[in-house]
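The structure appears right after this line, and notes come after that.
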Amino acid sequence: MIHPTSLEELQSAVRELDRVIVRGSGTKSAMSSSANLSTADLSGILEYDPSEFTFTARAGTRISEVKELLAKSGQYLPFDPPFVQAGGTLGGTIAAGLSGPGRFRYGGVRDFLLGIRFVTGDGEIHAGGGKVVKNAAGFDSPKLMTGARGAFGVIGEVTFKVFPEPREYQTVIVSFPTADEAIPLMARLAMSNFELACLDFVMPGQLQLRVGGLHESLERRVDRIKSFIGRTCEVRSGSDDEQVWHNAREFTWVPSDATLIKVAINPRQIVEIERSLEKSSASHVDRRYSVGGNVLWLAWPNEKTSEKLGRLLTSWNLPGVAVRGEPWGILGPQNKGDVFQQRLSSVFDPLNKFQRNDRRTANSH
Amino acid sequence: MTQAFVEAIRAIYPTDRCLTGKAELAPYESDGLTAFRVHPIGVVLPTTSEEVIASIRLCHQPGIPFVVRGSGTSLSGGSVPIDGGLVIGLNKMNKILRYSPEERIAVVQPGVINMRVSQAVAAEGLYYAPDPSSATVCTIGGNVAFNSGGAHCLKYGMTSNHVLGLKVVLPDGEVVEVGADSLEQVGADLVGMFVGSEGLFGCAVEITLRLLPKPEKYYTVQAAYKSLAQAGEAVSLIVASGLLPGAIEIMDRLAMDASDAAVQANYPKDAKAILIVELEGPTEEVDAETPTLLKLIEESGAYRIDVAKDAAERLKIWTGRKCAFSAVGRLSPDFIVQDGVVPRTKLGYALAEIDRISTESGIPVANVFHAGDGNLHPLILFNGREEGALERAEEVASEILRLCIKLGGSITGEHGVGLEKRAFIEEMFGKKDTDFMRQIRAAIDSAEIANKGKMFPDLQAPALTHRGLHPIEQQGIAFRN
Ligand SMILES: Cc1cc2nc3c(=O)[nH]c(=O)nc-3n(C[C@H](O)[C@H](O)[C@H](O)COP(=O)(O)OP(=O)(O)OC[C@H]3O[C@@H](n4cnc5c(N)ncnc54)[C@H](O)[C@@H]3O)c2cc1C
């Protein structure tokens, strides 16, 4: 494993290697188990001016360090990165394309990433985007890097946009006997103007929603939400509130013998997914519908095999990516954007150093 | 070859949707950057994706350049035709294909007008957030190509933050689908890479938009200051306070005069700057934030504070602000709208520098800007009939852009590079990164025919003519932001 400490060392490392798989701190183990390049020593916050709402840091910087610094000025990362306590890094979070439940309010990691410096497959250092909160010049390569698992370059340095953090939060929890009853309420809450910070549905039957704002208004906002829901609600505040979202962010609910899979879905598909899991005797699999039903987090038992999961995903016509656990890559239907991606790859990775073997099947539709 | 091409293209379209006569082509010669005029060989007006695909495939083989066009309101010359090229006009592809309020999405054809989306979803309490001042005329396709913004980007981002999926015809006629109908994605964010590509990556034929619930309450304040610096200071105070307003805008005296002349905005006569701040959100939250905001504005030295009491008053404040650009046409026969970004903390310095540049050159510059995100819109006034005036104004515009680059900002916050700023892309990104972007372009479009000559300085620029108001501004349909 090579441990560069600067962009230049990162560049030489990429030049030296025939195949490059990067690891930040290894929290997304399914994506980095065969890594040969580490950004752990490429860390440190380089610039931060609270009144700019931006900071620049090296890719291996741990998110926990960033969060701590931002909090001193009452600011935060609105996309709510996961695996914070576990040690996740900025670069790893971008490459994995991961945002937490709090992305419901303002957007995901892609929406807050402003600029990057990266090393391409032929070992050149390039920059994309910028350092200011608004910029429409040039191609948006920072976005391209998001979720690409390193396919377009090794991220060395990043600039993010940040926001002031709500002063206080409360969480409302509502229980349901079945998903069928909870899903329509989740849709109504997502359409409402309550401006929820988070909106998750946890199987077998718990709707969890979070409200953030000023102390003076929070109580009244929560009351109004409770009467909108019209059922018995449990309200958590202070550290009890934080605990709910800490568990979500750190995936404490995922068993150790399961692989964590991310599936991007549309909330309308939840009912169909639930039926299909039941039919394939997988309804006991731990799962969580996050971001108002836009992400399905599946804790797929390793013994159930990736083939079985691949078939399910293909039948839903939804790709899923293994995040933590077994290195299954992306499973499910083929990417309809392949041609575009390949053309981009020919420039970002002309020597095929960053390619991965995803086992995706032909399209079911 | 051209003749054969024209024949082939005619075979795809009925005559009323394939224009080749000189008079028919005239409306397509230019765009919002009225300084450039170019004759295309023809204009086609497809109504289906299949027609777009067929047209682009026809262009690819012989290497005929094409420009996709929405409403032609680009302020950077993005939709100016290419000499000897085809214009693919998308105004007839203007259907909302699918709308699902529960999923908070709408799938639209590219020719749908921005404002129509918000109108179509209003009944369910939703809206489409990006709000360029040209919203009543510009298309979603054009917004996607330019990653367009508006006054409310600070909180909700630009177009890119609101596009979930795209169906794209690449410049050789290959069709790809990127993204889908989820807020999240698995795999590389190809949607994000396409948005803002200024027509160089081909044509978006279907666009999946994310809709937001309309905020319950708006609280809009307009504050008058005796100096521009004080208004700037107020912005710093607000930003440092932990408030996150939906919009923070500033206008200087000259811009106020222009608005006054156009819409009788009645700004205080002795004000040197106007600050507009808008809070939005749940009623209880906005009510709780209001005292803090008012206190900060008072502390910053505002000598008059007006709060919009209802929707009509809010609209009045925004009309005054949004019409400022076009209204400058009342003070000066011609003007250039610049669009640059500086780090917010350098706003004060940037404005002082612009003032210096203006004084030294003797060319008046009015300032209207999205102060919340450091996005400057200096308006450079000149009289195109005076010998050399346009060139002197261009020089001032260039100096301002260089200032933005020097301060670590950007040469465009929302209007794009287009034709106008091709010369600056390399100054901003350096030769190496610019060359890299050219390589990307060549990989997507081996024949380099999609919006050829834009973004990168490779073709001879068409000759400059004098500038003036866009036709839609002359008719009072929309105003520049
Ligand atoms: C009065 C006025 C006010 C304005 N205010 C603002 C503002 O507040 N904020 C802002 O950001 N901009 C503003 N603009 C600029 C302009 O309106 C935007 O850039 C807008 O997005 C252009 O839309 P359009 O439909 O007119 O596109 P066009 O000008 O027709 O095209 C713009 C670019 O998009 C490409 N394009 C168009 N459709 C597609 C497609 N389907 N697929 C791929 N490429 C495509 C074209 O090739 C061209 O390069 C303003 C312009 C005017 C005239």
Side-chain angles (χ1 to χ4, degrees), chain A residues 49-52 74 97 107-108 110-111 126-127 130-141 143-144 146-148 151-152 163-164 187 190-195 213-214 216-217 220-221 262-268 291 294-295 319-321 330 335-337 339-341 343-344 346-347, chain B residues 101-104 125 146-147 149 153 157 161 174 176-178 181-190 192-193 196-197 213-216 236 239-240 242 244 281-282 284-285 288-289 341 343-345 373-375 408-414 416-417 425 428-429 433 436-437 439-440 443-444:
Chain A
D49 184 343
S51 46
E52 290 295 352
R110 72 184 292 270
D111 298 303
H126 285 291
K131 286 189 173 178
V132 281
V133 295
K134 199 172 181 190
N135 173 22
F139 300 138
D140 204 342
S141 49
K143 290 221 170 42
L144 181 65
T146 312
F152 296 104
F163 277 163
M191 274 175 76
S192 75
N193 51 23
F194 293 131
E195 306 210 338
L214 293 173
E216 303 87 289
S217 59
R220 272 172 297 146
R221 286 176 64 195
K262 173 188 168 180
V263 191
I265 64 170
N266 177 293
R268 133 192 119 250
V291 194
N294 281 272
V295 188
V321 63
I330 297 184
N335 182 355
K336 291 182 191 160
V339 177
F340 189 45
Q341 172 140 357
R343 289 183 194 178
L344 292 166
S346 72
V347 183
Chain B
E102 295 79 25
E103 299 162 35
R104 298 195 299 159
F146 270 172
N147 194 11
C153 293
N161 309 106
E174 274 279 356
V176 293
E177 285 173 45
V178 293
D181 53 4
S182 172
L183 289 179
E184 279 282 318
Q185 300 185 56
V186 160
D189 183 5
L190 300 171
M193 185 65 177
S197 57
K214 209 165 171 18
E216 185 177 23
S236 309
V239 163
L244 182 59
E284 299 91 343
E285 194 64 20
E289 288 174 347
V341 185
R344 185 169 31 220
T345 48
D373 26 46
N375 190 182
S410 172
I411 54 173
T412 168
E414 50 184 26
V417 176
I425 192 110
M428 175 168 165
F429 287 101
D433 289 330
F436 187 65
M437 284 195 275
Q439 281 178 43
I440 295 173
I444 303 293

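Quick caveat: nothing in here was measured; it's all calculated off a predicted structure. Quick note on labels: first sequence line is chain A, next is B, and so on, each numbered from 1.
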*Looking at NE2 of His126(A) and CD1 of Ile440(B), how far apart are the two atoms once the value is rounded to the nearest 0.5 Å?*
8.5 Å

*Going by an N to O cut-off under 4.0 Å, is there a salt bridge joining Arg221(A) and Glu284(B)?*
no

*asked:* Is Met428(B) in contact with chain A via its backbone, its side chain, both, or neither, using a 4.5 Å heavy-atom distance?
replied: side chain

*Interface moiety of Val239(B) toward chain A, non-hydrogen atoms closer than 4.5 Å*: both

_For the backbone of Asp181(B) and the side chain of Asn266(A), can you confirm whether one donor and one acceptor N or O come within less than 3.5 Å of each other?_
yes

*Please check if the side chain of Glu52(A) supplies one atom and the backbone of Arg344(B) the other of a donor-acceptor pair under 3.5 Å.*
yes

*asked:* Return the CD to CZ distance between Glu184(B) and Arg110(A), rounded to the nearest 0.5 Å.
replied: 9.5 Å

_Tell me whether Asp373(B) contacts the main-chain N or O of Val133(A) through its side chain, where contact means a donor paired with an acceptor under 3.5 Å._
no

*Sort Glu174(B) into side chain, backbone, both or neither according to what part of it lies under 4.5 angstrom from a heavy atom of chain A.*
side chain

*Heavy-atom distance under 4.5 Å between the side chains of Leu144(A) and Asp189(B), does that happen here?*
no

_Any side-chain heavy-atom pair of Asn135(A) and Val341(B) under 4.5 Å_ = no

*So what's closer than 4.5 Å to chain B heavy atoms on Val321(A): side chain, backbone, both or neither?*
both

*asked:* Nearest 0.5 Å, please: how far is CD in Gln185(B) from NZ in Lys262(A)?
replied: 8.0 Å

*Given side chains that start at C-beta, do those of Pro282(B) and Phe194(A) come closer than 4.5 Å, heavy atoms only?*
no

*Close side-chain approach of Met191(A) and Pro101(B), heavy atoms under 4.5 Å*: yes

*Hey, could you give me the CG/CZ distance between Leu190(B) and Phe340(A), rounded to the nearest 0.5 Å?*
6.0 Å

*Tell me, side chain or backbone of Ala127(A) under 4.5 Å from chain B's heavy atoms, or both, or neither?*
both

*Taking the side chain from Glu285(B) and the backbone from Leu214(A), do they hold a donor-acceptor pair closer than 3.5 Å?*
yes

*Take Lys134(A) and Glu414(B) through the test salt bridge (Lys or Arg N to Asp or Glu O under 4.0 Å) and record every step on the way to the result.*
CA-CA 8 Å; Lys134(A) 199 172 181 190; Glu414(B) 50 184 26; 2.9 Å; yes

*asked:* Please classify the contact of Ile444(B) with chain A as side chain, backbone, both or neither, using a heavy-atom distance under 4.5 Å.
replied: both

*Calculate, to the nearest 0.5 Å, the distance between atoms OG and CG belonging to Ser182(B) and Asn294(A) respectively.*
4.0 Å

*Which region of Asn375(B), side chain (C-beta onward) or backbone (N, CA, C, O), has a non-hydrogen atom less than 4.5 Å from a non-hydrogen atom of chain A, or is it both or neither?*
side chain

_Closest approach of Ala148(A) to Ala188(B) (non-hydrogen atoms, all atoms of both residues)_ = CB-CB, 3.6 Å

*By a 4.5 Å heavy-atom criterion (distance strictly below it), what part of Thr146(A) contacts chain B: side chain, backbone, both, or neither?*
both

*Let me know if Ser236(B) has heavy atoms under 4.5 Å from chain A in its side chain, its backbone, both or neither.*
neither

